[in-house]
Amino acid sequence: MEMGFDIQVERDLALLMRGTEEIIDLVDLRKKLLRFYATGQALIVKEGFDPSAPDIHLGHTVTLRKLRQFQDLGHEVVFLIGDFTGRIGDPTGKKETRKQLTEEEVRANAATYAEQVFKILRPERTRVAFNSTWLSRLTLEEIVTIAAKFTVARMLEREDFAKRLREGKPIGLHEFLYPLLQGYDSVALKADVELGGTDQRFNLLVGRDLQREFGQEPQVIITMPLLEGTDGVEKMSKSLGNYIGINEPPFSMFGKVMSIPDTLIEKYFVLLTDVPLEEIQEKKRAYEQGELHPKLWKEELAFEIVRMYHGKEAAEKALGDFERAFSQGLCPESAQELCIARQELSEGKLWIMKLLERTGVFQSKSEARRCLEQGGVYLNGERVSANEDVVLQDGDVLKVGKKFFFRIKLV
RNA sequence: GGGGAGGUGCCUGAGUGGCCAAAAGGAGCGGACUGUAGAUCCGUCGGCUGAAUAGCCUACGUAGGUUCGAAUCCUACCCUCCCCA
């Protein structure tokens with residue numbers, strides 16, 4: 001009987017190990033999975049989310065998709081919104097102390113956050129929790145007790161703390177509390193597994209230690225590689241502007257995927273799609289030997305990602321639009337409409353600056369003017385370089401910079 | 001509690017009375033090239049003014065002051081780092 005479970009467990013592990021950076025400890029995980037099959041007791045798989053960034057992008061989906069795999073195998077996910085810790089501000093990856101969010105901000109963010117994750121997670125096997133539920137009830141005495149289980153030296157093992165200390169950057173005393181509280185979340189939830197990016201390694205390990213201190217079986221931690229953003233260098237994040245949001249329209253999603261460096265194609269496939277690993281390896285081999293043009297491979301990637309979030313039809317359209325827009329320099333079919341009232345025209349003309357302002361792509365008029373002066377504005381394929389009035393007709397195509405297309409609609 | 005160093009634009013960082021909207025690099029943006037990108041090269045890079053070799057506004061931690069004139073000098077305050085206790 002145990003034998004049958006063994007085979008199943010090994011199969012599960014093969015799936016769960018895809019793309020992971022590190023699993024601590026694999027033996028523990030095997031044991032927990034085995035117990036699941038023996039007792040039917042689902043594992044509690046936890047990941048904490050910072051409520052300060054409520055827009056989900058592909059970077060978040062790396063771990064979310066892993067959570068989904070656990071769900072598909074029958075386990076329960078706790079989508080933990082760090083509403084309490086969010087107010088402290090996780091120092092991880094931040095060069096400096098972050099400002100604290102108000103309670104209202106946190107709550108509003110958390111709501112929009114939770115809404116989006118069900119594009120990936122299965123609602124019936126997801127429990128949304130807020131860590132303020134237990135953390136705000138801790139007494140000072142309890143907090144001191146928890147804090148006493150760690151030492152300053154231990155905390156300074158954490159790379160970003162050590163780095164800031166080395167560089168003479170401030171470290172708030174409260175920041176030491178963050179890993180402890182996150183670890184305590186695992187205790188409160190009796191988590192079996194916790195997921196996070198590699199930058200979360202330290203925090204996740206604290207959870208493991210703390211659970212042991214509280215007499216619980218320590219959680220298995222699984223870290224996933226950090227996903228580089230469209231710049232190919234920095235971790236994907238909203239604040240760096242190198243992210244691809246899962247709610248983005250197909251065309252821009254497609255275009256952004258196409259803009260990643262070729263060297264990231266494989267990683268994106270592994271972490272963001274369900275394309276079988278063997279197939280990815282085969283394509284990689286073909287690419288390295290010059291049999292597969294990276295552009296084509298990348299288009300497959302972009303297609304697949306758009307398909308996952310918008311469906312096949314949208315993906316096909318995005319591919320076609322992309323080819324039109326960039327390979328042929330034509331306006332994509334799905335270009336955004338730009339409505340202009342006829343009353344705004346004088347003798348059929350509109351000042352180009354007014355038109356640019358309407359597109360909303362510029363932060364300021366100076367920026368728009370610069371783009372115009374530098375030759376980044378095209379109307380119906382012809383460059384508009386002078387600061388002049390232009391004749392507008394229904395259906396005209398305005399191209400602004402490299403990637404913004406608008407179809408003029410006169411109303 | 002004592003002593004020292006420092007807070008400059010999105011970031012790093014130079015600037016110590018006018019030539020400073022502030023060097024240099026990075027990021028961003030535009031152009032060329034390309035496969036869409038990357039690399040490379042060129043340009044741009046606070047804002048406003050119907051278009052300017054122009055003017056105005058805001059900006060060098062905060063608030064005042066000195067001066068014809070301050071990121072630069074003075075005073076107070078806030079914040080950070082280092083050393084000693």
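Numbered from 1 within each chain, the chains take letters A, B, ... in sequence-line order.
- Partner assigned to B/A70 is none, using Watson-Crick or G-U wobble distances below 3.5 angstrom.
- Interface residues of residues 291-299 of chain A facing RNA chain B, ordered by number: A/His293, A/Pro294, A/Lys295, A/Lys298; criterion, heavy-atom separation under 4.0 Å.
- One can place CD of A/Glu373 at 11 Å from C1' of B/A52, the figure rounded to the nearest angstrom.
- Contact check on A/Glu304 versus A/Arg307 returns a salt bridge, with a Lys/Arg side-chain nitrogen under 4.0 Å from an Asp/Glu carboxylate oxygen.
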Exercise. How would nucleotides 77-85 of chain B be written as a contact map, 5' to 3', with B for base contact, S for sugar-phosphate-only contact and - for no contact, using protein heavy atoms under 4.0 Å?
Worked result: ---SS----

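- By the ring-ring contact (aromatic ring centres under 6.0 Å, His included) test, A/Phe118 is found to be paired with no residue, residues two or more places apart in sequence or in another chain being considered.
- Remark: B/U80 base-pairs with B/A5. Criterion, Watson-Crick or G-U wobble with two distances under 3.5 Å.
- Taking atom CD on A/Glu234 and atom P on B/C11, their separation rounds to 15 Å, with Å as the unit.
- Applying the ring-ring contact (aromatic ring centres under 6.0 Å, His included) test to A/Phe303 and every residue at least two apart in sequence or in another chain returns nothing.
- At B/G47, one or more side-chain N or O atoms of A/Ser364 fall inside 4.0 Å of OP1 or OP2 (strictly under the cut-off).
- Sorted by first and then second residue, the salt bridge (charged side-chain N to carboxylate O under 4.0 Å, His left out) pairs involving residues 326-352 of chain A (not counting sequence neighbours) are A/Glu344-A/Arg358.
- Atom CD of A/Gln363 sits in a sparse spot, with 12 or fewer heavy atoms from other residues, nucleotides or ligands closer than 6.0 Å.
- Regarding A/Met258, its CE atom lies at a distance of 17 Å from the P atom of B/U34, rounded to whole Å.
- Here the P atom of nucleotide B/U36 and the CZ atom of A/Phe303 are 19 Å apart, to the nearest Å.
- For B/C10, the paired base is B/G26 (Watson-Crick or G-U wobble, both distances below 3.5 Å).
- Rounded to the nearest 0.5 angstrom, A/Leu379 CG and A/Leu392 CG are separated by 6.5 Å.
- Between B/U8 and B/A23, the two P atoms lie 16 Å apart (nearest whole Å).
- The stretch residues 128-151 of chain A participates, sequence neighbours left out, in these salt bridge (charged side-chain N to carboxylate O under 4.0 Å, His left out) pairs: A/Lys149-A/Glu213.
- To the nearest whole angstrom, the two P atoms, one in B/G15 and one in B/G7, are 10 Å apart.
- For B/C41, the paired nucleotide is B/G31, the pair qualifying as Watson-Crick or G-U wobble because both relevant distances are below 3.5 Å.
- In this structure, the CZ atom of A/Phe326 is 11 Å from the C1' atom of B/A37, given to the nearest Å.
- Rounded to the nearest Å, the gap between the P atom of B/C56 and that of B/U67 is 24 Å.
- Here the separation of B/A85 from B/C78, taken at their P atoms, is 26 Å to the nearest Å.
- Atoms CD (A/Gln363) and P (B/C10) sit 11 Å apart, rounded to a whole Å.
- Side-chain N/O atoms of A/Ser366 include one lying less than 4.0 angstrom from OP1 or OP2 on B/C48.
- In this structure, A/Val397 and A/Phe406 have side chains that are not in contact, with every pair of non-hydrogen atoms separated by 4.5 Å or more.
- Between the side chain of A/Gln200 and the main chain of A/Thr223, no donor-acceptor pair closer than 3.5 Å is present.
- Using P as the reference atom, B/G47 and B/C10 are 10 Å apart when rounded to the nearest Å.
- When rounded to the nearest whole Å, the span between CD of A/Glu266 and P of B/A37 equals 23 Å.
- When both pairing distances are held under 3.5 Å, B/A63 makes a Watson-Crick or G-U pair with B/U75.
- A/Phe130 and A/Phe84 have their aromatic ring centers separated by at least 6.0 angstrom.
- Annotation: salt bridge (charged side-chain N to carboxylate O under 4.0 Å, His left out) contacts involving residues 368-385 of chain A, sequence neighbours excluded, are absent.
- The nearest heavy atom of RNA chain B to A/Val257 and to A/Lys365 marks one nucleotide each, and the one closer to the 5' end goes with A/Val257.
- At a cut-off of 3.5 Å, with distance as the only test, no side-chain donor of A/Gln281 or A/Lys284 sits close to an acceptor on the other residue.
- A/Phe150 does not carry A/Arg154 over the face of its six-membered ring by the limits of under 6.0 Å from the centre and within 45° of the normal.
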For this session: Could you encode protein contacts along nucleotides 22-32 of chain B as a string, one character per nucleotide from 5' to 3', using B for base contact, S for sugar-phosphate-only contact and - for no contact, with a heavy-atom cut-off of under 4.0 Å?
Result: --------SSS

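- Going from the P atom of B/A70 to that of B/G18 covers 11 Å, rounded to whole Å.
- Residues meeting the ring-ring contact (aromatic ring centres under 6.0 Å, His included) test with A/Phe49, sequence neighbours left out: A/Phe79, A/Tyr113.
- Residues passing the side-chain contact (heavy atoms from CB on, under 4.5 Å) test with A/His310, sequence neighbours excluded: A/Pro250, A/Met253, A/Val306, A/Ala314.
- A straight line from CD1 of A/Ile265 to C1' of B/G38 spans 11 Å, rounded to a whole angstrom.
- The same atom, P, is picked in B/A24 and in B/G43; the two are 12 Å apart, to the nearest Å.
- The separation of B/U58 from B/U53, taken at their P atoms, amounts to 23 Å, rounded to a whole angstrom.
- In the region residues 336-355 of chain A, proximity to RNA chain B at under 4.0 angstrom, judged on heavy atoms, holds for A/Trp351.
- Applying the salt bridge (charged side-chain N to carboxylate O under 4.0 Å, His left out) test to pairs two or more places apart or on separate chains, those with a residue in residues 117-127 of chain A are A/Asp72-A/Arg122, A/Glu76-A/Arg127, A/Arg122-A/Glu124.
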